[in-house]
Amino acid sequence: MEQRQQDRPRVVLGVTGGIAAYKACELLRRLTESGHDARVVPTESALHFVGAATFAALSGKPVATDVWESVHEVPHVRIGQEADLVVVAPATADIVAKAAHGLADDLLTNTLLTARCPVIFAPAMHTEMWEHPATQENVATLRRRGSLVVEPAVGRLTGTDTGKGRFPDPERVFELCRRVLTRGSAEVPADLAGRHVVISAGGTREPLDPVRFLGNRSSGKQGYALARTAAARGARVTLVAANTALPDPAGVDVVPVETAAQLREAVVKAAGDADAVVMAAAVADFRPAVYAAGKIKKQGGAEPEPVALVQNPDILAELSTDRPRAGQIVVGFAAETEDALANGRTKLARKRCDLLVVNEVGEHRTFGAEDNEAVVLGADGSETPVPYGPKEVLSDTVWDLVALRFP
Ligand SMILES: Cc1cc2nc3c(=O)[nH]c(=O)nc-3n(C[C@H](O)[C@H](O)[C@H](O)COP(=O)(O)O)c2cc1C
């Protein structure tokens, strides 16, 4: 199911007058590409750094800095009231001060006063400005009132200076926005602390000759989202990654593999002391019976030889049946093209896993997408639907259900 326009989370991106304003463009792009309804409210100063045309084109929405445009729509009240999240990135010392004192002299400050949704500030400024007692007191005031103020990073600042005050990686701010939107707060439960979880991700490749393979369309994004969310919840994470092209999640032990046989070996080895194993990878059911040591060549005009296939081991069933630790939780994934729930129930019983995440696949669905929709079936008969949304949401639901089943 495609996400409808009115279901998209509404994000107001406030941009203020610092050098890091250009990084707001990257954040905006990530927000819009992942299905958010994002609108930019820059300050006058921000437009010295990035033109209104850039924000308008990237967001597909009009851009205004004061309260006197489209007055009949009362934007100074509406934009804040209708928002699901306001994120000010970068946030100058000036906007932090104005927000702490409730000033309302432009569209962004009005929006901050009318918003009743979560508000994130990502400050960026010179170290002296950040450390000034006035700024520190303003930050403390905002935090006390419930706003989330991100600590600036340490690094190269404008000019040749280095120190605390750098705008954090836009990807980090984006992840924070997603987390706040999906879970209602930036707080992450540490309920997987002390646990070791093993996750497989990506799609296996079964070689036919040195240049060809049988593969599948799995991007690995769901498995990586599972790894990121598990690490954020305190778990030690082993991610067995089959042919992915994604950055390694921070703090996660990544084991690259290519074939189903290599994936099996890596997962079985890591599962030895694991509390949970989640098989999100798309593992080939079959592989070519014969591997040609040299590239298979055309035989003049003759028809090519058919490719004979043999069955690969069923890793999920093996993991579920031979559990190296009592109480280990095993989770499988099933991508179905029809009768998803009925087929999922049958698969869950056959594989003997504890949970099975069932999603229907088709064109533009699941493979390579940022979002997903699924039902998590439990061996105890439970059914947990997860509506269309970020893969992190499905991941967090999986970890909620796994944590409930730990002995
Ligand atoms: C080149 C340049 C870079 C600036 N960078 C920052 C900055 O990173 N952080 C900050 O708080 N102020 C910075 N300032 C100062 C702000 O632009 C100034 O305080 C302005 O009034 C902020 O307005 P605003 O908060 O309405 O956007 C910079 C100014 C200039 C000229």
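When a ligand or atom number is given, it counts from 1 through the structure's own listing order. We number each residue from 1, following the sequence as shown.
The Ile95 neighbourhood of ligand 1 comprises atoms 25 (O), with distances under 4.0 Å to a heavy atom of that residue. Interface atoms of ligand 1 facing Asp94, defined by a heavy-atom separation under 4.0 Å, are 22 (C), 23 (O), 24 (P), 25 (O), 26 (O). Applying the 4.0 Å criterion to heavy atoms of Gly18 picks out, from ligand 1, the atoms 5 (N), 6 (C), 7 (C), 8 (O).
With 3.5 Å as the limit, one finds a donor-acceptor pair spanning the side chains of Gln222 and Ser395. Of the N and O atoms on the side chains of Ser382 and Asp380, at least one donor lies less than 3.5 Å from an acceptor on the other residue. Side-chain contact check for Ser320 and Glu318: no donor-acceptor pair (N or O, by modelled atom type) lies under 3.5 Å. In this structure, a donor-acceptor pair under 3.5 Å is absent between the side chains of His72 and Ser70. With 3.5 Å as the limit, one finds no donor-acceptor pair spanning the side chains of His196 and Asp275. The closest side-chain donor-acceptor pair between Thr65 and Glu44 falls under 3.5 angstrom. A donor atom on one side chain and an acceptor atom on the other are not found under 3.5 Å apart for Asn138 and Thr135.
The shell of residues lying under 4.0 angstrom from ligand 1, judged by heavy atoms, includes Ala124. For the ligand labelled ligand 1, residue Phe49 lies inside the 4.0 Å heavy-atom shell.
Annotation: atom 11 (O) of ligand 1 to nearest protein heavy atom, Ala93 N, 2.8 Å. Nearest to atom 12 (N) of ligand 1 among the protein's heavy atoms is Thr92 CG2, 3.8 Å. With respect to atom 21 (O) of ligand 1, the closest heavy atom belonging to the protein is Ser45 OG, 3.9 Å. Closest to atom 14 (N) of ligand 1 among all protein heavy atoms lies Gly17 O, 3.5 Å.
Within a 4.0 Å radius of atom 18 (C) of ligand 1, the protein contributes no non-hydrogen atoms.
In terms of N/O distances under 3.5 Å, ligand 1 is approached by Thr43.
No part of His48 comes within 4.0 Å of ligand 1, judged by heavy-atom distances.
Side-chain atoms of Arg145 come within 3.5 Å of backbone atoms of Ala100 as a donor-acceptor pair (strictly under, hydrogens ignored).
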